[in-house]
S.K.: 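There's a structure below that I have some questions on.
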There are 2 protein chains.
Amino acid sequence: MRVNETRVNRAMGNTSCTCEYCQLKNIFFAHVKSDELTNICDLKVERSYSKGESIIQEGDPITEFVYMKKGLVKLSKASIDGKDQIISFSKPFDFVSLLSVFSSTQYKYSVTAIEQTTVCILQLDVVRKYAEENALFAMDMMSNISQMTDKIILDNLEIKRKHLKGRIAHVLLYFSDYIYKKDEFELPISRREIAEYIGMTTENVIRTLSEFRKDEIIKIFGKDILIADKKRLKSISDFG
Amino acid sequence: MRVNETRVNRAMGNTSCTCEYCQLKNIFFAHVKSDELTNICDLKVERSYSKGESIIQEGDPITEFVYMKKGLVKLSKASIDGKDQIISFSKPFDFVSLLSVFSSTQYKYSVTAIEQTTVCILQLDVVRKYAEENALFAMDMMSNISQMTDKIILDNLEIKRKHLKGRIAHVLLYFSDYIYKKDEFELPISRREIAEYIGMTTENVIRTLSEFRKDEIIKIFGKDILIADKKRLKSISDFG
DNA sequence: ATTACTCTCTGATAATTATCATAGCAGGTT
DNA sequence: AACCTGCTATGATAATTATCAGAGAGTAAT
């Protein structure tokens with residue numbers, strides 16, 4: 001993983017974006033022939049978004065195939081009563097369009113940058129054409145969809161079975177262990193967004209974080225979080 | 001839908017199971033040539049389970065491709081503390097193995113019959129072989145996976161944003177509108193299983209059902225439920 | 001500088017939900 | 001029959017979570 005990141009960072013520096021070092025070739029286009037891949041790369045578009053900018057809006061027609069090159073995004077959905085619910089987060093190499101792309105013609109959720117984000121965009125009909133001609137590529141795509149949706153479903157199950165404290169612990173560990181791989185990090189989302197993710201109120205998210213701080217499990221400096229007692233946080237997450 | 005059901009019921013009567021009338025040909029094997037399909041059908045195995053019997057156990061190696069021919073099943077997962085959580089329900093034409101089949105080598109969940117159920121089983125390597133040779137078939141499979149996981153994810157989001165009463169109303173409407181398409185039906189699961197599905201306690205599920213009964217929204221005769229005031233139930237489900 | 005935001009934070013109180021205890025009832029078993 | 005066991009049911013109480021209210025801090029716009 002660390003190796004991948006390094007390679008991508010090198011590719012990042014290459015603003016002409018030749019795809020030369022893009023890790024996507026290995027994880028997604030492994031079964032696409034290199035000359036075809038060159039065609040695909042030539043047709044791609046790269047777009048950048050700053051924190052808070054909308055990348056995909058719920059209801060938009062799905063015409064593109066969008067994958068994360070750099071950054072962090074949230075997938076969310078507006079419910080009847082106007083409130084947003086966060087479905088999941090996606091990081092580089094995830095396909096943020098994957099959730100609906102083969103089950104609907106319109107996005108059923110929105111995608112928003114929660115960090116400076118770069119995406120690469122392929123036209124859906126191009127990808128579809130390659131998939132229809134290349135079964136191994138289609139199989140790889142299938143595996144990607146499955147892995148992504150699996151993660152979302154299992155993560156939501158985990159959250160569902162926990163109480164408030166366990167859910168907050170779960171979120172902190174998610175960012176610490178899975179996204180940043182550090183004990184100290186800047187929370188990319190607000191307390192309200194945490195609430196939208198775990199299905200609790202903003203006030204109780206804040207209160208619980210304060211409680212963790214008082215119990216010296218974490219340290220808080222605004223958005224900066226330091227996990228001081230990961231063992232205890234883990235046991236709270238698992239149930240304690 | 002009603003037409004499909006009729007056709008399948010005809011096929012059901014055919015205990016030699018020639019696949020002749022099996023609706024699966026149209027919805028899943030549409031792009032498989034008919035002589036290949038004959039091969040696939042010759043290799044299939046049909047199994048029946050009575051209510052309560054286990055079809056797939058969490059942790060089992062995934063070697064088969066299982067689809068629902070008749071009946072109703074629950075997908076569930078055991079959590080650390082030993083309690084079960086119900087992920088979703090599947091009905092005829094759903095592929096109950098689909099959730100993990102391309103993302104893992106072992107099932108991450110269990111499948112249990114909650115009604116008398118018949119499944120058809122294909123060997124995974126056979127299906128995989130056809131998919132690797134036939135991209136259109138692989139694409140169809142992808143679409144199936146997407147639709148199934150989409151439903152699970154969106155359904156769980158819905159449940160998450162509702163309170164106890166709304167969740168119970170949601171479950172009742174799910175069985176009434178989506179599974180049985182009738183206002184009167186026999187609940188295929190216990191109160192405890194409803195609780196495992198919506199993430200509440202059994203006592204509160206029972207209490208809420210009693211309350212709905214007192215408010216004359218439903219009538220209860222043991223497992224038999226009659227929805228007397230669907231409009232009100234819908235508004236409770238949406239939020240009221 | 002002032003206004004108008006949103007976000008973070010805390011306290012008091014209300015509402016919701018869980019836990020514990022108990023009981024009736026049905027089905028299966030010995 | 002007598003004995004389990006699991007399911008349904010209800011009440012009392014405890015715990016958890018939401019709602020309402022208010023306040024400070026920061027940021028953007030005028």
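Everything numeric in this text was worked out from a predicted model, so none of it was measured. Every chain is numbered from 1 and lettered A, B, ... according to where its sequence line falls, protein lines coming before strand lines.
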S.K.: My understanding is that only residues two or more places apart in sequence, or in another chain, count here; which of them pass salt bridge (charged side-chain N to carboxylate O under 4.0 Å, His left out) with A:Asp183?
M.R.: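 Here the qualifying residues are A:Lys230.
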
S.K.: Hey, does the side chain of B:Thr202 come within less than 4.0 Å of D:dT8's phosphate (OP1/OP2), counting only N and O?
M.R.: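 Looking at the OP1 and OP2 atoms of D:dT8, neither is under 4.0 Å from any side-chain N or O of B:Thr202.
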
S.K.: Base, sugar-phosphate, or nothing for A:Arg167, non-hydrogen atoms under 4.0 angstrom?
M.R.: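 If one applies the 4.0 Å heavy-atom cut-off, A:Arg167 turns out to touch nothing in the nucleic acid.
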
S.K.: I'd like to check the side-chain hydrogen bond (donor to acceptor under 3.5 Å, both in side chains) partners of B:Glu184; sequence neighbours left out, ordered by chain and number.
M.R.: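 Residues passing side-chain hydrogen bond (donor to acceptor under 3.5 Å, both in side chains) with B:Glu184: none at all.
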
S.K.: Identify, with sequence neighbours excluded, every residue that meets side-chain contact (heavy atoms from CB on, under 4.5 Å) alongside B:Ile206.
M.R.: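 By the side-chain contact (heavy atoms from CB on, under 4.5 Å) rule, B:Ile206 matches B:Arg191, B:Thr202, B:Ser210.
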
S.K.: Under the ring pair (Phe, Tyr, Trp, His ring centres under 6.0 Å) rule, collect the residues that match up with A:Phe212, sequence neighbours excluded.
M.R.: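 Expected list: none.
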
S.K.: Can you sort out the partners of A:Tyr109 under ring pair (Phe, Tyr, Trp, His ring centres under 6.0 Å), two or more places apart, ordered by chain and number?
M.R.: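 If we apply the ring pair (Phe, Tyr, Trp, His ring centres under 6.0 Å) test to A:Tyr109, skipping adjacent residues, the hits are A:Tyr107.
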
S.K.: Listed in order of residue number, which residues of residues 214-230 of chain B have a non-hydrogen atom at under 4.0 Å from DNA chain C?
M.R.: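 Residues of residues 214-230 of chain B that come under 4.0 Å of DNA chain C do not exist, since none gets that close.
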
S.K.: My understanding is that only residues two or more places apart in sequence, or in another chain, count here; which of them pass salt bridge (charged side-chain N to carboxylate O under 4.0 Å, His left out) with B:Lys83?
M.R.: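 Once residues adjacent in sequence are excluded, B:Lys83 has no partner under the salt bridge (charged side-chain N to carboxylate O under 4.0 Å, His left out) criterion.
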
S.K.: At how many degrees, to 10°, do the end axes of the helix from C:dA1-D:dT30 to C:dT30-D:dA1 meet when each uses five pairs?
M.R.: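 The two end axes of the helix from C:dA1-D:dT30 to C:dT30-D:dA1 meet at 30°.
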
S.K.: Spell out protein contact along nucleotides 16-27 of chain C as letters: B when the base is contacted, S when just the sugar-phosphate is, - when no protein heavy atom is under 4.0 Å; keep the 5' to 3' order.
M.R.: -SBBB-------

S.K.: Taking only Lys NZ, Arg NE, NH1 and NH2, and the carboxylate oxygens of Asp or Glu, determine whether A:Arg161 and B:Asp81 approach each other closer than 4.0 Å.
M.R.: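 Yes.
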
S.K.: Which residues, if any, of residues 188-197 of chain B bring a heavy atom under 4.0 Å of DNA chain D?
M.R.: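 Heavy-atom cutoff 4.0 Å gives B:Ser190, B:Arg191, B:Arg192.
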
S.K.: Please state how far atom NZ in A:Lys51 lies from atom P in D:dT27, giving the value in whole angstrom units.
M.R.: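 My rounded result for the distance is 13 Å.
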
S.K.: From CD of B:Glu211 over to C1' of C:dA15, roughly how many Å is that when rounded to an integer?
M.R.: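 Between C1' of C:dA15 and CD of B:Glu211: 13 Å.
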
S.K.: For B:Phe212 and D:dA9, what is the distance between atoms CZ and P respectively, to the nearest whole Å?
M.R.: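 Spelled out: CZ on B:Phe212 to P on D:dA9 is 14 Å.
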
S.K.: For B:Arg213, what residues pass the salt bridge (charged side-chain N to carboxylate O under 4.0 Å, His left out) criterion, not counting sequence neighbours?
M.R.: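 None.
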
S.K.: Got a sec, which residues hit salt bridge (charged side-chain N to carboxylate O under 4.0 Å, His left out) with B:Glu58, two or more places apart in sequence or on another chain?
M.R.: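 Counting only residues at least two positions away or on another chain, B:Glu58 forms a salt bridge (charged side-chain N to carboxylate O under 4.0 Å, His left out) with B:Lys77.
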
S.K.: Please test B:Glu158 against B:Lys162 for salt bridge (charged side-chain N to carboxylate O under 4.0 Å, His left out), starting from the C-alpha separation and ending with a verdict.
M.R.: CA-CA 7 Å; B:Glu158 270 299 294; B:Lys162 294 177 205 280; 3.1 Å; yes

S.K.: Would A:Val101 and A:Glu64 satisfy side-chain contact (heavy atoms from CB on, under 4.5 Å), going step by step from the backbone distance to the final call?
M.R.: CA-CA 9 Å; A:Val101 80; A:Glu64 298 172 331; over 6 Å; no

S.K.: Would you please classify the geometry between the B:Phe89 ring and the B:Tyr197 ring as parallel, tilted or perpendicular, with 30° and 60° separating the classes?
M.R.: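 Aromatic pair B:Tyr197/B:Phe89 classed perpendicular.
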
S.K.: Between B:Arg207 and B:Glu203, does at least one N-O distance fall below 4.0 Å, as a salt bridge requires?
M.R.: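 Judged by the 4.0 Å cut-off on N to carboxylate O distance, B:Arg207 and B:Glu203 do not form a salt bridge.
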
